[in-house]
Amino acid sequence: MAALLSLSALALLGAGASAQTFTGTAQGGFPDCVNGPLSNNTVCDKSADPVARAKALVAAFTVAEKLNLTGNNSPGVPRLGLPVYQWWQEALHGVASSPGVTFNATGQFDSATSFPQPILMGAAFDDELIQSVAEVVSTEARAFNNYGRAGLDFWTPNINPYRDPRWGRGQETPGEDPYHLSSYVHSLIMGLQGGEDPEIRKITATCKHFAGYDVESWNGNLRYQNDVQIPQRDLVEYYLPSFRSCARDSNVGAFMCTYSALNGVPTCADPWLLNDVLREHWGWTNEEQWVTSDCDSIQNIFLPHNFSDTRQGAAAAALNAGTDLDCGTYYQHHLPLAYSEGLINQTTVDQALVRLYTSLVRTGYFDGPNAMYRNLTWSDVGTTHAQQLALRAAEEGITLLKNDGTLPLSISNGTKIALIGSWANATTQMQGNYYGVPTYLHSPLYAAQQTGAQVFYAQGPGGQGDPTTDHWLPVWSAASKADIIIYVGGVDISVEAEGMDREDINWTGAQVDIIGELAMYGKPMILAQMGDQLDNTPFVNNPNISALIWGGYPGQDGGVALFNIITGKTAPAGRLPVTQYPAHYISDIPMTDMTLRPNATTGSPGRTYKWYNGTAVYEFGYGMHYTKFSADISPMSKSSYDISSLLSGCNETYKDRCAFESISVNVHNTGNVTSDYAALGFLAGQFGPSPYPKKSLVNYQRLHSIAAGSSQTATLNLTLGSLSRVDDHGNTYLYPGDYALMIDTMPELTMVNFTLTGQPACLDEWPQPPSGGPTIPPSDYFYGGYGSRGEFPVIAASEELYPGA
Ligand SMILES: O=[N+]([O-])c1ccc(O[C@@H]2O[C@@H](CO)[C@H](O)[C@H]2O)cc1
């Protein structure tokens, strides 16, 4: 593996190596369709159908060549002039160091724009922003590609919902809500791929990790071996909507399966998941798009999953299930034996290769130097527009959690600021994981100095076990000289990362201690909590802490973004994309409990804002402003809707997509500061199977620069899917009942009520897993799966957990 991945793997994991040292596997350039051996092959005929072009190419390969082309490190076919190609590129929040991406040490292509981590961009609740960011990322990716510094497919986004606050990779996602993820990822894919069905696809995006992957390493449970147990209802309503958005609604070019097994079957070897759900149920075409394994996950099908008795059996199980590409070398090593033993046939191999090469055809790989996007160069990387967008993306996400009126700060040349904390001079930290070489890194310290203030900086304590003594003296010195204290700290990828779930969601003792002591100075004190959510309880009620900001991982201009918010140059309007739980949450529920609803037997308090029955420190969607807003919702066309009439007016193949109502929300800025406002529309009500979620996000829109004293209108388009709920089998229904649509302007809540009448009606019938699985309502059971080695230990949950179910 080490040889396969080279040094780049360290960087993409954020393991702390210097970005300059990364060397990717050089791409082999473009095939010569004019003078090369393929020039007479249909693959070089631009007027032919893309799939026919790929089929003609694949038909020219020998069996041995075909089997050798199934790994991410593709050797190409020299005798045909098909260049080597590295399929593995990353671009989570900008073109990132990864096996197929090469940054120059200096000069051209020595950097790319580094946007905030998705968790902070998610807090913006601004899909137009996300599309713009993705357009820049794909432009820069294409420029890198034109100079042999990247391939044409990128293994982003990570769109698993951020289900548990401990997850080390939650930062890679836009948050915990499935509607939010679905909407965000649609905009992202439009920006990355260049539209839903463009003539030339800009780059191929890859939705990962399909599905149910969100545990790295918890209590001995490793991602490589986990067999996650998820009832069908929870899968459909929570774990899969973002993937459905990728496949069915956004026409994404690629998917990635996971290391873990889902209900007994390793996902990369699961024909139900990869074929019945992904391709058949969601209509993801058979010939144009491909599934890659996660890196070395095919190996895990053999060990530790023991899903197959042999290595070639594991490779065959994956290929036959629909995993077209192996990130690794397992296919290349073991498919030849699988082939000679008759475990796979050539049709299946051809299908995988046709899918892969169709995606290269779609991106213009065989179309010569005049093809679309081939004119992009280094001058299209790190442009002024890209830099401004990276700053704006960070500003839009930064979320104000507490303010006694101290913010915004007015800073003049004479102002003395103590800037303290483990993030105060953050540079690489601001990128989180999966980063590349940024255009620049503007730390909070840099930004503070730009304000003209006199800045006294001290790093202060970082992690646990770094309590008193030597770190404290510079802190006291800085604090005692200053008019204002700004503490910037929290967590970073030293404690939350790939392969590393958090063990704690408390601030470290050393930080709580020093922040408490700093507060005792009684000076205006601003606390910026960076990284993912921590339990802020110690600071919420401390009157000496004037303001609390969440800044996530803000990317290359994170320091400037933070200071623009602090000084009011930009007004904050981010909203938390996850629940901030009290620290005891992680003792209340094992990370491996994938269920969502509170459960009296297991003691689960439930997950996410929909189900958590405790008191959140800050709720999903929480975010203050420097001004005041009120909202009114325009009257709906009716107060009661008949379900059969709603359905008879719906002519879509996928009924959940049918329009219900377009709701106008008039937002009034009643305060004194021009500000953005993100209108989040939630639906609540007692309908469908109980217990009911507390509320569900059904649409959102960010309004920009609403001047003090003026109003703007958000339009929230609701669909029949917005009104639906999922039954125990995973079927999606419209149910009769009482509904309330809510807009939260904090502290006010604006609401309209309506009813649905008539009989329940099915919007989407879920393809059940193959026989062998449970035949009784799955959400009442935890089961071991239906795989060849799966057993079915059916443990009935007690009746009272699901009253009325
Ligand atoms: O061996 N390595 O160096 C290595 C590095 C990264 C790595 O992560 C996996 O690879 C990423 C591919 O996109 C998936 O999101 C992640 O689960 C898996 C293996």
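Start at 1 and go down the list; that is how both ligands and their atoms are numbered.
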* Asked: What do the steps show when you test F125 against H180 for ring-ring contact (aromatic ring centres under 6.0 Å, His included), and what is the final call?
  -> CA-CA 8 Å; F125 287 94; H180 179 209; 4.1 Å; yes

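- Around atom CD of E503, no more than 12 heavy atoms belonging to other residues, nucleotides or ligands sit under 6.0 Å away.
- G558 and M430 get closest at one heavy-atom pair: CA-SD, 3.7 Å.
- Close approach to E498 involves these atoms of ligand 1, each under 4.0 Å from a residue heavy atom: 6 (C), 7 (C), 8 (O), 9 (C), 16 (C), 17 (O), 18 (C).
- With 3.5 Å as the limit, one finds no donor-acceptor pair spanning the side chains of N300 and H305.
- Between Y365 and Y357, the ring center distance fails the sub-6.0 Å criterion.
- Counting atoms of ligand 1 from 1 in the listed order, those under 4.0 Å from a heavy atom of Y434 are 8 (O), 9 (C), 10 (O), 11 (C), 14 (C), 15 (O), 16 (C).
- Only the side chain of R169 comes within 4.0 Å of ligand 1, judged by heavy-atom distances.
- Less than 4.0 angstrom separates some heavy atom of M256 from each of these atoms of ligand 1: 12 (C), 13 (O).
- No hydrogens or angles considered: a donor-acceptor pair under 3.5 Å links the side chains of S183 and D127.
- Residue contact check: C295 has heavy atoms under 4.0 Å from atoms 10 (O), 12 (C), 18 (C) of ligand 1.
- Interface atoms of ligand 1 facing W155, defined by a heavy-atom separation under 4.0 Å, are 12 (C), 13 (O).
- Every atom of ligand 1 is numbered from 1 in the order shown, and the set under 4.0 Å from a heavy atom of E90 is 11 (C), 12 (C), 13 (O).
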